[in-house]
**Student:** 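Before anything else, here's the structure in question.
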Amino acid sequence: QGRSVRLDVHAADSDGKKYNIEVERGDKGDKARRLRYNGSLMDANSVLPGDDVSLLPETYVIMITENDFWKRGEPIYPIEKYVGKTGIVYDDGSHVIYVNGAYKDGSPNITPLGKLIHDFNCINADDMYYPVLAERTRYLKEDAKGVVTMCRAVEELAKEFTKEFAEEAALKFIDSGKMTLEEISECIGLSVDELKALENANQ
């Protein structure tokens, strides 16, 4: 579909709604147009030529940002469309949501979203609220087979894409704190010195 893109997470639920979840470090870049582009790709691949546009599914493009991108202290920022000053919601079935990855829910009765953001920022699986995330993190980080599985998956992806993709993947692994630079180097093919320079440039 023209310019290619690799979505971080692409999913669908039992009602046919489609989701694209992106994880973004830093505040640079035109996030609005990036999310618009990702949403358009989901639409373009949801119907066949000649299909009625009413078959387009409900779509959600969700960006989890490292920082509070909108700087209002909210855990999530749903983006709404309105008809002029009428207050009427313009509902075309597409939704954009920003998730504040820096949100801290310190209340005694922490919310489900607060727990999810907390787990997302956890390095130690034992500190996580959700068992399914803790189990997967523990497997990929501590289990020998899990580490090998992740390494092989990243290595295969790195073969298919450019150095830009390898650097993007490397930054995500560095940010997660779940692998050493030596392990990342072995998986992705960038040298440890290249990884150090990449890490310093993005601090």
**Student:** Would you check if Ile64 and Ile21 make a side-chain contact, meaning some heavy-atom pair closer than 4.5 Å?
**Tutor:**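 A side-chain contact exists here, since the closest heavy-atom pair is under 4.5 Å.
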**Student:** Begin from the C-alpha positions of Asp105 and Leu113 and carry the test side chain to side chain contact (heavy atoms under 4.5 Å, CB included) through to its verdict.
**Tutor:** CA-CA 9 Å; Asp105 187 345; Leu113 180 59; over 6 Å; no
**Student:** I would like to know whether Leu116 and Leu133 meet side chain to side chain contact (heavy atoms under 4.5 Å, CB included); could you show each step before the answer?
**Tutor:** CA-CA 9 Å; Leu116 186 62; Leu133 294 178; 3.8 Å; yes
**Student:** Please evaluate residues Ser46 and Leu55 with respect to the criterion side chain to side chain contact (heavy atoms under 4.5 Å, CB included), reporting the C-alpha separation (whole Å), side-chain torsions for both, the decisive distance (0.1 Å), and the verdict.
**Tutor:** CA-CA 8 Å; Ser46 294; Leu55 296 176; over 6 Å; no
**Student:** Measure across Gly101 and Asn121 and return the closest heavy-atom pair with its distance rounded to 0.1 Å.
**Tutor:**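 Where Gly101 meets Asn121 most closely, the heavy atoms are O-ND2, 2.8 Å.
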**Student:** With the side chain counted from C-beta on, respond yes when Val89 and Tyr82 share a heavy-atom pair under 4.5 Å apart, and no when they do not.
**Tutor:** yes
**Student:** Under the criterion side chain to side chain donor-acceptor pair (under 3.5 Å), I'd like the reasoning laid out for Thr65 against Asn67: C-alpha separation, chi angles, the key distance, then a yes or no.
**Tutor:** CA-CA 5 Å; Thr65 58; Asn67 304 311; over 6 Å; no
**Student:** Using ring centroids (six-membered ring only for Trp), state whether Tyr129 and His118 fall under 6.0 Å.
**Tutor:**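 Yes, ring centres under 6.0 Å apart.
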**Student:** Measuring only between side-chain heavy atoms, which start at C-beta, is Cys122 closer than 4.5 Å to Met128?
**Tutor:**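 They are in side-chain contact.
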**Student:** So with a 6.0 Å cut-off around CD of Glu58, is the heavy-atom count from everything else above 12?
**Tutor:** yes
**Student:** Using 30° and 60° as the class boundaries, would you call the ring planes of His95 and Tyr60 parallel, tilted or perpendicular?
**Tutor:**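 Ring orientation, 0 to 90° scale: parallel.
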**Student:** Can you find a heavy atom in the side chain of Val192 that is under 4.5 Å from one in the side chain of Ser185?
**Tutor:**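 The answer is yes, as the side chains (C-beta and beyond) meet within the 4.5 Å cut-off.
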**Student:** Tell me, with the steps shown, if Val53 and Val47 meet side chain to side chain contact (heavy atoms under 4.5 Å, CB included).
**Tutor:** CA-CA 8 Å; Val53 293; Val47 293; over 6 Å; no
**Student:** Nearest 0.5 Å please: distance from the NE2 atom of His10 over to the CG atom of Asn45.
**Tutor:** 8.0 Å
**Student:** Look only at the side chain of Asp127 and the backbone of Ile123, and say whether a donor-acceptor pair between them is shorter than 3.5 Å.
**Tutor:**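 Between the backbone of Ile123 and the side chain of Asp127 there is no qualifying donor-acceptor contact (under 3.5 Å).
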**Student:** Got a donor-acceptor contact below 3.5 angstrom from the Asp92 side chain to the Ser94 backbone?
**Tutor:** yes
**Student:** Report yes or no: do Asp193 and Ser191 form a side-chain donor-acceptor pair below 3.5 Å?
**Tutor:** no
**Student:** Within the supplied structure, the quantity of interest is the number of heavy atoms (other residues, nucleotides, ligands) at a distance under 6.0 Å from Glu142 CD; does it exceed 12?
**Tutor:** yes
**Student:** Might you point out which heavy atoms bring Met63 and Leu35 nearest each other, and give the distance in Å?
**Tutor:**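 Heavy atoms only, the tightest pair is CE-CD2, 3.6 Å.
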**Student:** Could you walk me through whether Tyr77 and Asp68 satisfy the side chain to side chain donor-acceptor pair (under 3.5 Å) test, starting with their C-alpha distance in whole Å, then the side-chain angles of each, then the deciding distance to 0.1 Å, before giving a yes or no?
**Tutor:** CA-CA 10 Å; Tyr77 299 95; Asp68 185 356; 2.8 Å; yes
**Student:** Applying the 4.5 Å side-chain criterion to the ILVMFWY set and letting contacts propagate, would Tyr139 and Met179 be lumped into a single cluster?
**Tutor:**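 Shared cluster, yes.
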**Student:** Measure the shortest side-chain to side-chain distance between Val132 and Glu135 over non-hydrogen atoms and say whether it is less than 4.5 angstrom.
**Tutor:**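 Counting from C-beta outward, Val132 and Glu135 never come under 4.5 Å.
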**Student:** Looking only at non-hydrogen atoms, find the nearest pair between Ile117 and Pro75 and report the distance.
**Tutor:** CD1-O, 4.3 Å
**Student:** Between the main-chain N or O of Arg34 and the side-chain N or O of Arg36, is there a donor-acceptor pair closer than 3.5 Å?
**Tutor:** no
**Student:** Side chains of Ser54 and Asp52: any donor to acceptor distance under 3.5 Å?
**Tutor:**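 Yes.
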**Student:** Do Tyr19 and Asp13 meet the criterion of a side-chain donor-acceptor pair at a distance under 3.5 Å?
**Tutor:** yes
**Student:** Please check this pair: side chain of Thr86 against backbone of Val83, looking for a donor-acceptor N/O pair closer than 3.5 Å.
**Tutor:**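 At least one qualifying donor-acceptor pair exists.
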**Student:** Flag the pair Ile76 / Tyr98 as yes when at least one side-chain heavy-atom distance between them is below 4.5 Å, and no otherwise.
**Tutor:**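 No, every pair of side-chain atoms sits at 4.5 Å or beyond.
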**Student:** Is Leu181 close to Glu199 at the side-chain level, that is, under 4.5 Å between some pair of heavy atoms?
**Tutor:** yes
**Student:** Can a salt bridge be assigned to the pair Arg138 and Asp143 using a cut-off of 4.0 Å between side-chain N and carboxylate O?
**Tutor:** no
**Student:** Are Phe120 and Val99 connected in a single hydrophobic cluster, I mean Ile/Leu/Val/Met/Phe/Trp/Tyr linked by side-chain heavy atoms less than 4.5 Å apart?
**Tutor:**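 Yes, Val99 and Phe120 fall within the same hydrophobic cluster.
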**Student:** Does a side-chain heavy-atom distance below 4.5 Å link Asn100 with Glu74?
**Tutor:** no
**Student:** Which of these, Asp8, Thr59, Asn20, Asp43, sits in a side-chain hydrogen bond (donor to acceptor under 3.5 Å, both in side chains) with Asn38?
**Tutor:** Asn20
